[in-house]
Amino acid sequence: MALTLAQKIIKEHLVSGEMKAGEEISIRIDQTLTQDSTGTMAYLQFEAMGIDKVKTKKSVAYIDHNTIQSGFENADDHKYIQTVTNKHGIYFSRPGNGICHQVQLERFGVPGMTLLGSDSHTPTGGGLGMLAIGAGGLDVAVAMGGGAYYITMPKILNVKLTGKLRPWVTAKDVILTVLRMLSVKGGVGKILEYTGEGVATLSVPERATITNMGAELGATTSIFPSDETTHAFLKAQGREQDYTPLAADSDCIYDEEIAVNLSEIEPLAAQPHSPDNVLEVSKIGKIKVDQVAIGSCTNSSYADMMKVAAVLKGKTVHPDVSLVIAPGSKQVLTMLAQNGALADMVAAGARILESACGPCIGMGQSPKTNAISLRTFNRNFEGRSGTVSAQVYLVSPEVAAASAIAGVLTDPRELGEAPTVTMPEKFLANDNMVVAPAENGAEVEVVRGPNIKPFPLNTKMPETVTGKSLIKVEDNITTDHIMPSNAKLLPFRSNIPHLAEFCLTPCDPEFPARAKANGGGFIIGGVNYGQGSSREHAALAPLYLGIKGVLAKSFARIHMANLINSGILPLVFKNEADYDDIDMGDELAINDAPAQIAAGDEIIVENLTKGKKYVTILTASDRQKEMLYAGGLINYIKMQNQ
Ligand code: MIC
Ligand code: SF4
């Protein structure tokens with residue numbers, strides 16, 4: 001049978017299940033990545049599994065998120081991750097080496113392999129023709145231990161690219177176009193596969209910008225073929241041996257298809273507060289800008305930075321704009337330093353940050369009150385910058401640089417001829433900031449600072465699951481709402497009791513106290529509940545607060561998996577109108593819960609306060625049902641090992 005590229009890679013890695021959209025399958029994982037803000041938890045869970053050495057082809061732990069060390073916590077976490085990875089056969093990318101997705105693309109990604117990462121932007125690897133998927137830390141821990149990764153077989157959506165980008169129009173504008181077409185929930189349950197003659201016009205880093213931000217569509221992943229462009233990129237990285245040509249069969253059948261003509265795209269921006277709120281820069285107009293931030297795993301490649309440097313060269317940043325730039329990796333930063341582009345940036349007035357996530361996750365550089373901030377990042381959720389009143393626009397590096405000079409949002413086409421940046425024949429490859437695992441792990445002592453607290457474990461599912469409706473939230477609630485992350489909270493990623501005090505507080509500051517006072521209960525959510533990051537803290541903090549179930553109109557993929565991994569029921573209203581019926585404080589009950597779950601997909605939730613019954617749907621495989629009975633994945637694994 002003719003297969004798409006994603007299907008080919010899945011077939012090659014299939015451990016169980018049938019490759020039919022909607023069916024549960026499991027796949028073998030070749031590579032894993034973790035970063036520090038999800039890594040501490042993932043390694044604590046890996047340790048709990050009692051496995052000596054990782055069983056993957058390559059596992060890498062990055063330190064890139066929690067890099068501001070304003071207290072001992074982050075440094076303690078770094079040390080814990082460095083020692084625990086050294087012990088268990090995992091490579092350690094030291095702070096300063098770069099953002100996980102950028103470095104993985106440059107140094108480790110291999111076309112045709114599977115990559116599972118405890119970060120939602122892991123699909124960046126799809127730019128190299130990898131099947132790269134973001135997941136909760138626990139799923140990554142299981143994969144490191146050699147366990148298969150379970151997903152629902154996605155539909156394959158063909159994004160057919162024709163034409164060629166015009167000057168000043170970028171890969172960022174391509175993915176913003178797709179976001180405008182499909183919305184932040186349009187990719188749920190799908191893999192986006194890019195094909196067509198337009199593919200050959202895009203470089204690997206440009207492809208990676210597109211697959212990276214596929215996460216904002218809610219897609220399982222996105223993938224480009226591996227072709228001569230991929231070959232040249234890997235060769236320039238000194239990794240020609242990792243190249244294999246890969247493409248879909250010419251007669252394969254896609255479940256869905258959209259067409260994007262690259263020649264028609266204009267410079268775009270995603271307006272506050274959602275990545276799909278997209279409009280042409282020229283239509284938004286020349287709004288005054290207070291901050292410009294360039295970097296992140298979406299747009300911090302060598303080529304992006306060189307274009308920014310070319311725009312800034314010989315100019316001065318507008319006096320009312322703070323321009324910060326974080327080159328994506330040590331490779332990029334070193335090359336900019338050597339060829340003089342860094343000097344052009346500094347001379348123009350840019351504030352250079354270390355190669356890390358930085359402002360993208362609110363780790364510093366929060367803008368001023370009511371600021372307009374232009375960012376080359378991938379998420380502009382309200383408050384994510386660390387300043388609740390800030391208005392964040394997502395733009396290309398070219399728009400960002402042009403606007404930093406002008407002081408107002410600027411369509412870079414006004415600048416005349418666009419700079420041409422060619423890929424270097426050789427990237428500067430020096431992996432001296434990647435520490436190889438110890439030969440003899442048994443001799444390594446794992447260092448645990450006082451910030452490392454045990455993670456919460458659920459208990460077996462009771463016969464009757466009861467509790468109050470503790471909060472009712474709108475559509476598109478992000479994990480940034482559920483478990484806010486900023487410079488003040490990120491240092492506590494290994495301290496769930498502390499984090500739980502902030503759970504859902506952007507929606508309702510009283511939620512944690514109410515949940516505790518009631519001994520837990522239920523969350524009522526709208527459409528696409530839990531979109532955004534892979535952080536399982538958005539499930540672990542509710543678990544700690546006693547949350548038993550979330551009743552929502554629909555869920556984002558990774559968050560739903562994280563809830564089940566924590567033994568929390570993700571239930572979807574069969575009839576969306578029932579959402580309106582439930583009020584905060586209503587007493588809810590699921591009678592004979594395990595029996596109802598065993599009997600099928602429909603679970604009856606009773607509203608004891610209103611004397612009503614709601615039909616909800618639990619989309620869970622038999623294996624996930626077992627996990628729910630056991631009280632989460634760790635308890636399930638423990639039971640199986642008994
Ligand atoms: C994000 O961009 O939201 C993060 C921070 O990278 C998260 C991971 C995390 O919360 O630690 C993600 O995308 O998964
Ligand atoms: Fe880091 Fe931002 Fe990328 Fe998340 S989206 S991995 S915070 S750069």
Side-chain angles (χ1 to χ4, degrees), residues 33-42 61-68 74 77 81 93 95 98-105 116-125 132-137 139-140 172 175 208-209 211-216 218 221 275 293-301 304 324-329 353-365 375-381 383-386 392 394 478-487 489-494 499 502 530-541 556-559 561-562:
L33 73 77
T34 58
Q35 37 87 338
D36 46 343
S37 65
T38 55
T40 40
M41 207 42 81
Y62 293 89
I63 305 293
D64 55 1
H65 281 63
N66 297 351
T67 52
I68 294 182
N74 286 342
D77 284 1
I81 294 177
S93 170
I99 306 176
C100 54
H101 309 304
Q102 177 66 25
V103 178
Q104 188 81 15
L105 192 80
L116 194 70
S118 64
D119 191 279
S120 65
H121 291 102
T122 304
T124 312
I133 303 178
D139 282 325
V140 177
K172 179 63 148 270
I175 188 61
T209 294
T211 56
N212 170 286
M213 248 186 120
E216 274 52 69
T221 189
I294 300 178
S296 93
C297 57
T298 319
N299 276 118
S300 61
S301 66
D304 280 342
V324 292
I325 302 180
S329 67
L353 305 177
E354 69 178 308
S355 295
C357 301
C360 179
I361 189 59
M363 195 39 83
Q365 303 300 328
R375 299 175 160 220
T376 65
F377 308 165
N378 47 37
R379 292 188 172 141
N380 59 347
F381 303 144
R384 183 177 161 98
S385 67
V392 175
L394 306 176
T478 72
T479 51
D480 283 348
H481 292 99
I482 306 170
M483 194 59 262
S485 282
N486 54 42
L489 285 181
L490 276 165
F492 297 98
R493 280 296 182 91
S494 40
L499 283 188
F502 300 86
Q531 70 159 323
S533 111
S534 68
R535 69 189 71 135
E536 58 194 333
H537 306 75
L540 291 172
R557 177 186 71 89
I558 305 179
H559 185 58
N562 285 339

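Both backbone and side-chain heavy atoms feed into the values below; hydrogens, waters and symmetry mates do not. Along the sequence shown, residues are numbered consecutively beginning with 1. Both counts, for ligands and for their atoms, begin at 1 and track the order of listing.
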Subject >> Min side-chain heavy-atom separation Asp36-Asp77 under 4.5 Å >> reply: no
Original post:
Which atoms of ligand 1 are found less than 4.0 Å from any heavy atom of His65?
Top reply: 4 (C), 5 (C), 6 (O)
Subject >> Nearest-contact summary for atom 3 (Fe) of ligand 2 - protein heavy atom, Å >> reply: Cys297 SG, 2.2 Å
Original post:
Quick one: CE on Met363 to OG on Ser37, what's the gap to the nearest 0.5 Å?
Top reply: 8.0 Å
Original post:
In the protein, which heavy atom is nearest to atom 4 (Fe) of ligand 2, and how far is it?
Top reply: His65 NE2, 3.8 Å
**OP:** May I ask you to check whether Cys357 brings an N, O or S atom to under 2.8 Å from atom 1 (Fe) of ligand 2?
**Re:** yes
Original post:
Can you name the closest pair of heavy atoms from Leu394 and Phe377 and give their distance?
Top reply: CD2-O, 3.7 Å
Original post:
Would a 4.5 Å heavy-atom cut-off, applied to side chains only, mark His65 and Asp119 as touching?
Top reply: yes
Subject >> Geometric N/O contact Ser485 with ligand 1, under 3.5 angstrom >> reply: no
**OP:** For Ser118 and Val140, indicate whether the former's side chain and the latter's backbone hold a donor-acceptor pair under 3.5 Å.
**Re:** no
Original post:
Looking at Arg493, which atoms of ligand 1 are within less than 4.0 Å of one of its heavy atoms?
Top reply: 9 (C), 10 (O), 11 (O)
**OP:** Do me a favour and list the nearest non-hydrogen protein atom to atom 13 (O) of ligand 1 with residue, atom name and distance?
**Re:** Ser120 OG, 2.5 Å
**OP:** Check whether any heavy atom of Arg384 sits under 4.0 Å from an atom of ligand 1.
**Re:** yes
Original post:
Relative to the heavy atoms of Asp119, which atoms of ligand 1 are at a distance of less than 4.0 Å?
Top reply: 4 (C), 6 (O), 7 (C), 8 (C), 12 (C), 13 (O), 14 (O)
**OP:** May I ask you to list the atoms of ligand 2 that are less than 4.0 angstrom from any heavy atom of His121?
**Re:** 5 (S)
**OP:** Taking only heavy atoms of Asn378 into account, list the atoms of ligand 2 that are under 4.0 Å away from them.
**Re:** 5 (S)
Original post:
So which of Ala135, Ser533, Gly362 gets nearest to atom 12 (C) of ligand 1, if we judge by its closest heavy atom?
Top reply: Ser533
Subject >> Any side-chain heavy-atom pair of Gln531 and Phe381 under 4.5 Å >> reply: yes
Subject >> N/O separation below 3.5 Å, Asp480 to ligand 1 >> reply: no
Original post:
Less than 4.5 Å apart, any side-chain heavy atom of Leu353 and any of Pro359?
Top reply: yes
**OP:** Side-chain contact test, heavy atoms from C-beta onward, threshold under 4.5 Å: evaluate it for Ser385 versus Gln365 and give yes or no.
**Re:** no
Original post:
For ligand 1, is there an N or O atom under 3.5 Å from any N or O atom of Ser118?
Top reply: no
Original post:
To which protein heavy atom is atom 10 (O) of ligand 1 closest, and what is the distance rounded to 0.1 Å?
Top reply: Arg535 NE, 2.5 Å
Original post:
Taking the side chain from His537 and the backbone from Arg493, do they hold a donor-acceptor pair closer than 3.5 Å?
Top reply: yes
**OP:** Decide whether the shortest distance between a heavy atom of His537 and an atom of ligand 1 is less than 4.0 Å.
**Re:** no
Original post:
Atoms of ligand 1 less than 4.0 Å from Ser534 heavy atoms?
Top reply: 12 (C), 14 (O)
Original post:
Who's the nearest protein heavy-atom neighbour of atom 8 (C) of ligand 1, and how far?
Top reply: Gln35 NE2, 3.2 Å
Subject >> Heavy-atom check, side chain of Met483 versus side chain of Leu499, under 4.5 Å >> reply: yes
**OP:** Give the numbers and elements of all ligand 1 atoms closer than 4.0 Å to a heavy atom of Ser37.
**Re:** 9 (C), 11 (O)
**OP:** Run through Asn378, Ile294, Thr376 and flag the one making a side chain to side chain contact (heavy atoms under 4.5 Å, CB included) with Asn299.
**Re:** Thr376
Original post:
Can you list the ligand 1 atoms lying under 4.0 Å from a non-hydrogen atom of Ile361?
Top reply: 5 (C)
Subject >> Arg379 and Ser120: side chain donor to acceptor below 3.5 Å >> reply: yes
Original post:
Does Cys360 bring an N, O or S atom to under 2.8 Å of atom 2 (Fe) of ligand 2?
Top reply: yes
Original post:
For ligand 2, which atoms sit closer than 4.0 Å to a heavy atom of Asp119?
Top reply: 6 (S)
Original post:
Any side-chain heavy-atom pair from Thr38 and Glu536 closer than 4.5 angstrom?
Top reply: no
